[in-house]
Peer 1: 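The structure that follows is given in the form of structure tokens.
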Protein chains: 2
Amino acid sequence: MTKPTPDPRHTLTLRDVSEASGVSEMTVSRVLRNRGDVSAATREKVLEAARALGYVPNKIAGALASQRVNLVGVVIPSLSNMVFPEVMTGISETLEGTGLQPVVGVTNYLPDREESTIYEMLSWRPSGMIIAGLEHSAASRAMLARAGIPIVEIMDIDGDPIDHAVGISHRRAGRQMAEAIIAAGYRRIAFLGTQMPNDFRAKKRLDGFEEALARAGLSLVDREYYSGGSALLKGREMTAAVLNRTPDIDFLYYSNDMIGAGGLLYCLAQGLDVPDRIGLAGFNGVELLDGLPRKLATMDACRLEIGRKAAEIIAGKAMPGEKVELFPTLQPGDTIRR
Amino acid sequence: MTKPTPDPRHTLTLRDVSEASGVSEMTVSRVLRNRGDVSAATREKVLEAARALGYVPNKIAGALASQRVNLVGVVIPSLSNMVFPEVMTGISETLEGTGLQPVVGVTNYLPDREESTIYEMLSWRPSGMIIAGLEHSAASRAMLARAGIPIVEIMDIDGDPIDHAVGISHRRAGRQMAEAIIAAGYRRIAFLGTQMPNDFRAKKRLDGFEEALARAGLSLVDREYYSGGSALLKGREMTAAVLNRTPDIDFLYYSNDMIGAGGLLYCLAQGLDVPDRIGLAGFNGVELLDGLPRKLATMDACRLEIGRKAAEIIAGKAMPGEKVELFPTLQPGDTIRR
DNA sequence: GTGAAAGCGCTAACAT
DNA sequence: ATGTTAGCGCTTTCAC
């Protein structure tokens, strides 16, 4: 009298649930998707059977049949620098409840990887794509433009978006920071950044920064680049190197908060008078800074808001113009003279 | 004489490439997958046509037909604490070149979200799943066990894996740290952790830690939990609270390096003699510590190695036993008396 | 080396 | 409220 247990090595299909419940495949499908009118009785029978069997629907088949995929591709350069996790939070939060699911791809700032990641993602026919930056290979742009889905380029608005863009002007952010520094009376200003040839946003910030310096008749008195390793440690080392080489520097502008924090710890350890003898500023507004002995000047990159807005566009909750510009706030902290 | 440009609003299919190149769909498919014997001439024709049209294959249809999906589901609780990004790096590195692609889902330590993430992922019929932790809902375990694909539970080995497990013993890690602390002569020891009811690994570390204390006739003299906010700042605040409440504490054991780093900065700012008057230790071995003024004692969680090993199992490059145990090394740094 | 036919597991559209 | 039919865009299998 053994019930014929279904072969556990066979992945279950709608048909199995249909047979187990004595209801047609179509009605089973309706129940499982909460679609159309199904009587409470059949509904119960079906759910019961599906649960008992441990049925997991096959979205591949569903997607092919319905031409609908509830996935949103998200392509970002890195996960390790505190900025993209927060963007992801904004995206996930907003997608929650829309039935859409983010799928993340990381490119490590490599254009080739970006291109293949985009290709790979598009081949799954997602409902939309969110991509960091406005600089992409011609092939990438072409693929995205042809895909027939909403494309949102995030973080940056200094350039021409393929479809939509949500971000800040990094050029302007650099300019603004330079103006604040100059207004505070600093004159011998150095730049310290990570060597990332493909970090176009850092480059734009520096461009804007130097532009504002030039307008004030100033220029950078030194600059230092590093790559790899612990950002905090690198910040220390770079700062030591620059201050040894050019002792009369009175301001250190960092391309991001982590190396800025390293620099700040170094200056404090050296007993330098911050911000009177020397000022410092970073970029991003990472919450890490809240725990430091002194608060580094920085500029909020609007990461959470960017994630939210981008997701809203994909979810059709926003009917924006081509570009959505957000405006970062300068947080002077304790490292710029007042 | 206008060439009939294909409707750009229509997503391209193999058929379009077939017509454009005058080669059968089947042969086009072969070329695009580098399968079987195709003459160099046809090959060129096909690739040319595909490129010209901007064809992107439809993996949904491909997967349905071939019953093969090159995706590996990775389910982790968080992206923001430095530990999982490194695990991801290990996974990506190892999957590189195998044709497999990781797809990440984040659960925020919520069992319900974990369950739905697993369900969602399994419904895409991935080639394997990598999941943080050994504690899952009964439904999650059942789904995974039934899926018929390799399942690797990572980070922890204190428990019963569904299929494979790769990780360290957190219980033992806690024990080891306690033993080192006791051996260094500390006796009034407090614990500081983030309030995460579902962080089972932190809990196991604490269990092991207290077990070793008990064996030495000791017990925690104080404990403090916090949740949310900047970990560095929380570390500061918790440390201040504990030291005010129990001034004669001589050692602070933190559940992770970030709050430990905050505590260390606090102690140094207070002018406390570290490690003689008071010692500190964290957990994880994050590279961030390299940039601090003094190096926090910690224990490497073998994150990169865990990611690599897990991916090797999925990729079939390793034929391991059920559990793969890795052994973290204790890094005494500058905050434990020698 | 190339092509034709069948079908993967599901859902849209149309019955009833 | 439920069932039937005809694909979705590929790949497998087999034929030539």
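Residue numbers start from 1 in every chain, and the chains themselves are labelled A, B, ... in the order their sequence lines are given, proteins ahead of strands. If you're wondering where the values come from, they're calculated on a predicted model, not measured in any experiment. Keep in mind that the numbers below use all heavy atoms, side chains included, and drop hydrogens, waters and symmetry copies.
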Peer 1: Determine the minimum heavy-atom distance between A:E114 and A:A132, stating which atoms define it.
Peer 2: OE2-O, 4.1 Å
Peer 1: N/O contacts under 3.5 Å, protein versus nucleotides 13-15 of chain C?
Peer 2:
none

Peer 1: Per the end-axis method with five pairs at each terminus, what is the bend angle of the helix from C:dG1-D:dC16 to C:dT16-D:dA1, to 10°?
Peer 2: 30°
Peer 1: To the nearest Å, give me how far apart CD1 (A:I60) and C1' (C:dC10) are.
Peer 2: 11 Å
Peer 1: When you look at B:N198 and B:E135, which way does the side chain to side chain donor-acceptor pair (under 3.5 Å) test go after all the steps?
Peer 2: CA-CA 9 Å; B:N198 291 306; B:E135 286 75 19; over 6 Å; no
Peer 1: What verdict does the side chain to side chain donor-acceptor pair (under 3.5 Å) test give for A:H164 and A:E153, after you've listed the backbone C-alpha separation in whole Å, the side-chain angles of each residue and the deciding distance to 0.1 Å?
Peer 2: CA-CA 6 Å; A:H164 305 290; A:E153 290 166 279; over 6 Å; no
Peer 1: Run the salt-bridge test on B:E48 and B:K45 with the 4.0 Å N-O cut-off and return the result as yes or no.
Peer 2: no
Peer 1: Looking at A:E312 and A:R308, is there a salt bridge between them, counting it only when a charged N and a carboxylate O are closer than 4.0 Å?
Peer 2: no
Peer 1: Between B:A301 and B:I306, which heavy-atom pair has the shortest distance, and what is it?
Peer 2: O-CD1, 3.5 Å
Peer 1: What integer distance in Å separates A:L14:CG from C:dC8:C1'?
Peer 2: 13 Å
Peer 1: Where along residues 31-43 of chain B does a heavy atom fall under 4.0 Å from DNA chain C?
Peer 2: B:D37, B:V38, B:S39, B:T42
Peer 1: Would you find a donor on one side and an acceptor on the other, under 3.5 Å apart, between the side chain of A:S18 and the backbone of A:V23?
Peer 2: yes
Peer 1: Whether the side chain of B:K59 engages the backbone of A:R125 through a donor-acceptor N/O pair (distance < 3.5 Å, no angle test) should be reported.
Peer 2: no
Peer 1: Is there a donor-acceptor pair closer than 3.5 Å between any side-chain N or O of A:D199 and the backbone N or O of A:M196?
Peer 2: no
Peer 1: Please find the pair of heavy atoms, one from A:V74 and one from A:P102, that lie closest to each other, and give the distance.
Peer 2: CG2-CB, 4.2 Å
Peer 1: Using only atom types and a distance under 3.5 Å, with no angle test, would you say the side chain of A:S123 pairs donor to acceptor with the backbone of B:N58?
Peer 2: no
Peer 1: Grab the two heavy atoms, one from A:P77 and one from A:V106, that are nearest each other, plus how far apart they are.
Peer 2: O-CG1, 3.7 Å
Peer 1: Donor-acceptor pair, distance only, cut-off 3.5 Å: does the side chain of A:T42 make one with the backbone of A:V38?
Peer 2: no
Peer 1: Under 4.0 Å between a side-chain N/O of B:S24 and OP1 or OP2 of C:dT2, yes or no?
Peer 2: no
Peer 1: Just to be sure I understand the geometry, which residues of residues 63-71 of chain A put a non-hydrogen atom under 4.0 Å away from DNA chain D?
Peer 2: A:L64, A:A65, A:Q67
Peer 1: C:dC10, OP1 or OP2 - any side-chain N/O from A:Y55 closer than 4.0 Å?
Peer 2: yes
Peer 1: Does a sphere of radius 6.0 Å around CZ in B:R33 hold more than 12 heavy atoms from other residues, nucleotides or ligands, not counting ones at 6.0 Å or beyond?
Peer 2: yes
Peer 1: Does anyone know the first and last nucleotide of DNA chain D in reach of chain A, 5' to 3', at under 4.0 angstrom to a heavy atom?
Peer 2: D:dA1 to D:dG9
Peer 1: Name all pairs fulfilling the side-chain hydrogen bond (donor to acceptor under 3.5 Å, both in side chains) condition that reach into residues 95-112 of chain B, sequence neighbours left out, sorted by first residue then second.
Peer 2: A:R113-B:E96
Peer 1: Calculate the interatomic distance between A:R15 atom CZ and C:dG9 atom P; express it in whole Å.
Peer 2: 10 Å
